[in-house]
Amino acid sequence: MKTIEDFNFEDKKALIRVDFNVPLDADFNVTDTNRIEAAKPSIIKVLEDGGSAILMSHMGRPKGQPNADMSLKHICHKVSEIIGVEVKFADDCVGEVAEKAVAELQQGEVLLLENLRFHGEETSGDQAFAEQLSRLGDFYINDAFGTAHRAHASTTIVAQFFTDRKCFGYLLAKEIKAIEKVMRTGEKPVTAILGGAKVSSKITIIENILDKVDHLIIGGGMTYTFVKAQGGSVGDSICEDDKMTMALDILRQAKEKGVAVHIPVDVVAADDFSNDANTKIIDVDKIEDGWQGLDAGPKTLENFKEVILNSKTILWNGPVGVFEMESFAKGTIAIGNYIDKATQNGAFSLVGGGDSVAAVKQFGFQDKVSYVSTGGGAMLESLEGKTLPGIAAILQG
Ligand code: AMP
């Protein structure tokens with residue numbers, strides 16, 4: 001795997017695909033700078049080698065049309081501040097404007113190109129557009145994990161024009177290594193904690209990780225499909241009746257593969273989907289009509305705690321309750337605390353995929369786990385066992 005560490009960029013122009021799809025407020029101020037900070041190490045490496053950096057990214061969904069509200073010009077100042085170098089700006093990401101700006105770029109300088117998605121050819125993965133992008137750099141560095149599952153011009157197609165002059169940036173390399181650690185090289189026992197709302201959105205992940213984990217903890221709204229499938233009463237809990245056969249099949253496969261599956265035994269049930277609802281702790285398979293399970297119960301958390309504290313490698317995807325409501329956040333907070341403790345004891349823990357990161361950030365766990373993935377969809381697809389096109393494009397010669 002070629003990473004940015006394997007190259008020296010002295011006197012070279014590095015075209016870097018970053019993910020600067022950052023949120024802006026009404027005055028176009030960047031309200032979350034995480035993604036810019038995450039791209040900094042790769043940019044600095046190029047500059048310190050004596051090269052120059054050309055940054056390209058998308059922002060929002062302008063649908064192939066220039067859109068002043070989604071111009072990357074708004075963030076140029078913030079990028080300059082974070083990188084510590086005044087960043088120049090090109091009003092287009094291809095063509096004369098971009099090529100002229102690149103030609104004028106000196107060693108140690110940084111150029112930010114206008115939003116790639118102002119051109120419809122970006123998302124359609126157009127060859128000619130990718131070739132135009134490729135003219136802007138001597139090297140291509142992909143450091144945008146968040147879009148690595150898309151076969152877009154700047155994330156995938158452009159790589160073919162840089163046969164042996166392309167590599168992963170630090171951030172993307174870190175993501176790949178973290179996933180590998182969980183899926184292939186992690187120390188045993190390996191535990192996956194899967195929560196979230198629906199079993200249907202996690203089926204492919206479950207099927208893929210059954211070959212890789214020793215323990216599978218199932219929580220959140222998915223629980224009830226498994227419980228009902230086994231004959232339990234789940235009341236008004238979220239449940240996908242048409243996925244019950246699949247749930248039984250997963251349990252059967254897990255047994256065959258020697259994976260221990262841990263499903264909640266008790267839950268916090270509520271008489272309404274609201275923070276102010278009446279609640280009670282009840283066995284997971286004895287929920288009456290009019291009640292719904294919205295968080296993991298105390299016995300369940302004790303069980304989960306034991307598994308998590310004994311794990312050496314942990315993957316966490318999805319909350320075990322409706323964490324957005326304070327009354328049903330305790331289970332998710334407890335899981336975060338157990339993972340924190342396991343990590344302190346030497347386990348490797350990865351959190352990512354979909355909205356998991358929101359829960360982790362809300363409760364301040366981001367610094368307590370080993371790695372928080374920056375890519376929602378890209379992480380989900382990785383966990384499903386798919387080869388991401390943006391990653392494959394760098395690996396192919
Ligand atoms: P996902 O994006 O699939 O990871 O799902 C996250 C969502 O699952 C969160 O918004 C939670 O509120 C929701 N969730 C977790 N547990 C439950 C539950 N028992 N009932 C309904 N929704 C749940």
Side-chain angles (χ1 to χ4, degrees), residues 146 149 192-209 216-229 232-241 243 246-247 250 262-301 304 315-336 339 350-363 365 369 372-373 375-384:
H149 60 316
I193 305 155
L194 296 185
K198 290 182 165 182
V199 70
S200 52
S201 61
K202 304 280 161 92
I203 285 280
T204 326
I205 296 182
I206 298 178
E207 287 181 334
N208 184 44
I209 60 172
L216 172 61
I217 289 178
I218 286 178
M222 278 202 285
T223 306
Y224 308 98
T225 305
F226 283 90
V227 171
K228 192 170 174 187
S233 304
V234 299
D236 295 350
S237 307
I238 186 172
C239 184
E240 292 170 279
D241 288 354
K243 296 290 176 296
M246 231 175 218
I250 286 170
H262 309 272
I263 296 176
V265 290
D266 61 348
V267 293
V268 179
D271 61 358
D272 187 22
F273 190 80
S274 114
N275 197 38
D276 306 321
N278 295 307
T279 62
K280 60 180 176 183
I281 308 287
I282 189 167
D283 285 353
V284 71
D285 56 351
K286 296 187 183 61
I287 307 173
E288 306 100 328
D289 287 347
W291 291 82
Q292 53 187 307
L294 294 182
D295 198 7
K299 279 190 246 161
T300 300
L301 291 173
F304 288 0
L315 163 72
W316 185 18
N317 172 273
V320 297
V322 183
F323 74 97
E324 297 93 337
M325 297 184 205
E326 203 187 338
S327 307
F328 312 108
K330 287 191 198 77
T332 300
I333 294 172
I335 298 290
I339 299 177
L350 165 65
V351 183
D355 290 333
S356 312
V357 177
V360 164
K361 282 191 180 162
Q362 184 173 327
F363 304 123
F365 289 121
V369 298
V372 180
S373 174
M379 178 52 89
L380 287 179
E381 291 197 16
S382 302
L383 299 177
E384 287 173 354

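One is the number of the first residue; the rest follow in order along the sequence. Read the numbers this way: they start at 1 and go in the same order the structure lists the ligands and their atoms. Nothing here was measured: the structure is a model prediction, and the numbers come from that model.
- Polar contact check, Phe323 against ligand 1: no nitrogen or oxygen pair lies under 3.5 Å apart.
- In this structure, the separation between OG1 on Thr300 and CD1 on Ile218 is 13.0 Å, given to the nearest 0.5 Å.
- Rounded to the nearest 0.5 angstrom, Asp285 CG and Thr223 OG1 are separated by 12.0 Å.
- For ligand 1, the atoms closer than 4.0 angstrom to any heavy atom of Gly221 are 15 (C), 16 (N), 17 (C), 18 (C), 19 (N).
- Looking at Tyr224 against ligand 1, only its side chain comes within 4.0 Å, counting heavy atoms.
- For ligand 1, the polar-atom distance check finds no N/O of Pro319 at less than 3.5 Å from any of the ligand's N/O atoms.
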> Would Lys330 and Asp295 count as a salt bridge (charged side-chain N to carboxylate O under 4.0 Å, His left out) if you check the C-alpha gap in whole Å, the side-chain angles of each, and the deciding distance to 0.1 Å?
Replying inline: CA-CA 8 Å; Lys330 287 191 198 77; Asp295 198 7; over 6 Å; no
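- You'll find the side chain of Val369 stays beyond 4.5 Å of the side chain of Leu350, heavy atoms only.
- Residue-ligand proximity: Lys202 is placed with a non-hydrogen atom under 4.0 Å from ligand 1.
- In Gln292, neither the side chain nor the backbone holds a heavy atom less than 4.0 Å from any atom of ligand 1.
- For ligand 1, the polar-atom distance check finds no N/O of Gly318 at less than 3.5 Å from any of the ligand's N/O atoms.
- Taking any N or O of Asp295, backbone or side chain, none lies under 3.5 Å from an N or O belonging to ligand 1.
- Residues Phe365 and Ile339 fail the side-chain proximity criterion, which asks for heavy atoms closer than 4.5 Å.
- Of the options Ala197, Gly195, Gly293, the smallest heavy-atom separation from atom 13 (C) of ligand 1 is shown by Ala197.
- The part of Ile238 lying near ligand 1 is the side chain, judged by heavy-atom distances below 4.0 Å.
- Counting heavy atoms from C-beta on, the side chains of Lys198 and Thr225 never come closer than 4.5 Å.
- At least one side-chain heavy atom of Met222 sits less than 4.5 Å from a side-chain heavy atom of Ile206.
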